[in-house]
2 protein chains.
Amino acid sequence: MQTVEEIVGVMSSQGLRVTDQRRTLAGLFADTPGYLSPKDVYDYMGRTYSGLSFDTVYRNLRVMEELGVLEQVVFEDGVKFKLHCRETHHHHHMICLQCGRTHPITFCPMEQTKVPGDFTVVKHKFEVFGYCSSCSQEEPSAEGKA
Amino acid sequence: MQTVEEIVGVMSSQGLRVTDQRRTLAGLFADTPGYLSPKDVYDYMGRTYSGLSFDTVYRNLRVMEELGVLEQVVFEDGVKFKLHCRETHHHHHMICLQCGRTHPITFCPMEQTKVPGDFTVVKHKFEVFGYCSSCSQEEPSAEGKA
DNA sequence: GTGTGTGCAAACTGTTTGCACGTAC
DNA sequence: GTACGTGCAAACAGTTTGCACACAC
């Protein structure tokens with residue numbers, strides 16, 4: 001997690017202009033514990049900036065991703081963004097299907113995976129989906145895919 | 001893995017017409033050990049059927065997925081299809097970034113993941129990407145993402 | 001004042017749908 | 001013969017790009 005000022009600081013230190021819109025965007029991600037889709041961002045920003053266009057949202061998401069402030073993940077239902085993890089060591093995530101909030105998993109399955117000698121591992125993905133404490137109470141049924 | 005006849009049998013048993021095109025499509029997947037994108041399928045099929053249209057490819061991929069013959073997976077670079085695993089027990093995959101071939105991983109990391117009591121797990125994803133024996137020799141460098 | 005950021009419109013990719021004709025059954 | 005499959009064209013969603021104006025620096 002980072003504060004708005006930290007994020008804004010990174011932007012200006014890279015020679016990027018700090019506009020109201022970018023400050024708001026930084027604030028949105030600083031306050032959001034989980035993942036946001038471009039549409040989520042657009043909807044939120046649109047409340048403040050009436051003339052907002054989708055392309056500016058995309059441009060700024062891209063800029064902040066290239067800056068290393070945001071990270072992008074591809075889910076079944078599309079691309080989403082969140083603040084880049086500041087954790088120093090390698091980890092994975094449990095992701096709430098309702099609120100998008102993430103919880104770190106320090107255990108890495110690769111350590112225990114027997115890889116055949118002739119297979120060269122480049123990267124891996126381990127993600128656990130479900131409902132977090134707050135959401136599992138409201139959302140006990142629905143969404144059935146195992 | 002299934003034979004063309006097995007796949008075709010499933011189709012006709014469900015009241016679907018067995019056209020030349022669908023037979024060829026079944027043959028393509030029966031002969032392909034890895035994942036295929038809709039474009040891969042279109043390119044392959046287009047060699048045989050000159051007037052082929054993309055929408056028919058999509059329609060048939062969808063039909064075969066709904067039939068349970070194919071399974072669809074979302075990768076960073078788009079949606080891909082392969083024959084649905086016949087393995088009876090739960091497993092994961094090592095996926096070759098070059099040829100798309102998959103190798104089963106019987107080890108399931110969920111068994112060893114400590115889940116907080118207040119998190120309800122719905123599903124999980126564990127995928128290992130790299131280069132298989134045949135491809136790691138040809139492709140020793142390139143693609144650097146860990 | 002200069003150059004970057006923005007909104008607008010349009011292009012573009014991947015995918016889906018409506019329609020009329022063709023073909024498996 | 002009938003209903004489903006196909007190709008074509010068009011629609012559609014998500015994303016990107018070109019341009020002119022606006023604003024952060």
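What you see is a predicted model, and the numbers here were worked out from it, not measured in a lab. A, B, ... follow the sequence lines: proteins, then strands. Residue 1 opens every chain.
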Once each nucleotide of nucleotides 19-25 of chain C is scored for protein heavy atoms under 4.0 Å, what B/S/- sequence comes out, 5' to 3'? -----BS
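Listed for the A:E127 side chain is no donor-acceptor partner under 3.5 Å among the backbone atoms of A:I95.
Enclosure of atom CZ in A:R22 by more than 12 non-hydrogen atoms of other residues, nucleotides or ligands within 6.0 angstrom is indicated.
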Test salt bridge (charged side-chain N to carboxylate O under 4.0 Å, His left out) applied to B:R47 and B:D43, step by step: CA-CA 7 Å; B:R47 274 182 246 145; B:D43 289 344; over 6 Å; no
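There is no side-chain donor-acceptor pair under 3.5 Å between B:T56 and B:Y49.
Between B:K80 atom NZ and C:dT15 atom P there is a gap of 11 Å when expressed in whole angstrom units. Note: CZ (B:F81) to C1' (C:dG14) measures 12 Å, nearest angstrom. Spacing between atom CD of A:Q72 and atom C1' of D:dG14 amounts to 12 Å, rounded to whole angstrom units. Atoms CG (A:N60) and C1' (C:dG7) sit 12 Å apart, rounded to a whole Å. As a whole-Å value, the separation of A:E66 CD from D:dT16 C1' is 13 Å. One interatomic measurement links the two molecules: CD of A:Q21 to C1' of C:dT4, which rounds to 13 Å at whole-angstrom precision. Atom CZ in A:R62 sits roughly 16 Å away from atom C1' in C:dT4 (whole-Å rounding). Across the protein-nucleic acid pair, B:D77 atom CG and C:dT15 atom P stand 11 Å apart, rounded to whole Å.
In the hydrophobic clustering of ILVMFWY residues, with side-chain heavy atoms under 4.5 Å counting as a link, A:F126 and A:L97 come out apart.
Across all strands, B:R23 comes closer than 4.0 Å to no nucleic acid atom at all (heavy-atom distances).
Using a 4.0 Å cut-off between charged side-chain N and carboxylate O, B:E5 and B:R23 make a salt bridge.
With DNA chain D read from its 5' end, the first of the two nearest nucleotides for A:G78 and B:V63 is the one closest to B:V63.
Not counting sequence neighbours, A:R17 has no partner by the salt bridge (Lys or Arg N to Asp or Glu O under 4.0 Å) test.
Between B:H91 and B:H89, the ring-plane angle classifies as tilted under the 30° and 60° cut-offs. Using cut-offs of 30° and 60° for the angle between ring planes, the A:F54 and A:Y42 rings count as parallel.
Listed by residue number, the members of residues 44-58 of chain B with any heavy atom below 4.0 angstrom from DNA chain D are B:G51, B:L52, B:S53, B:D55, B:T56.
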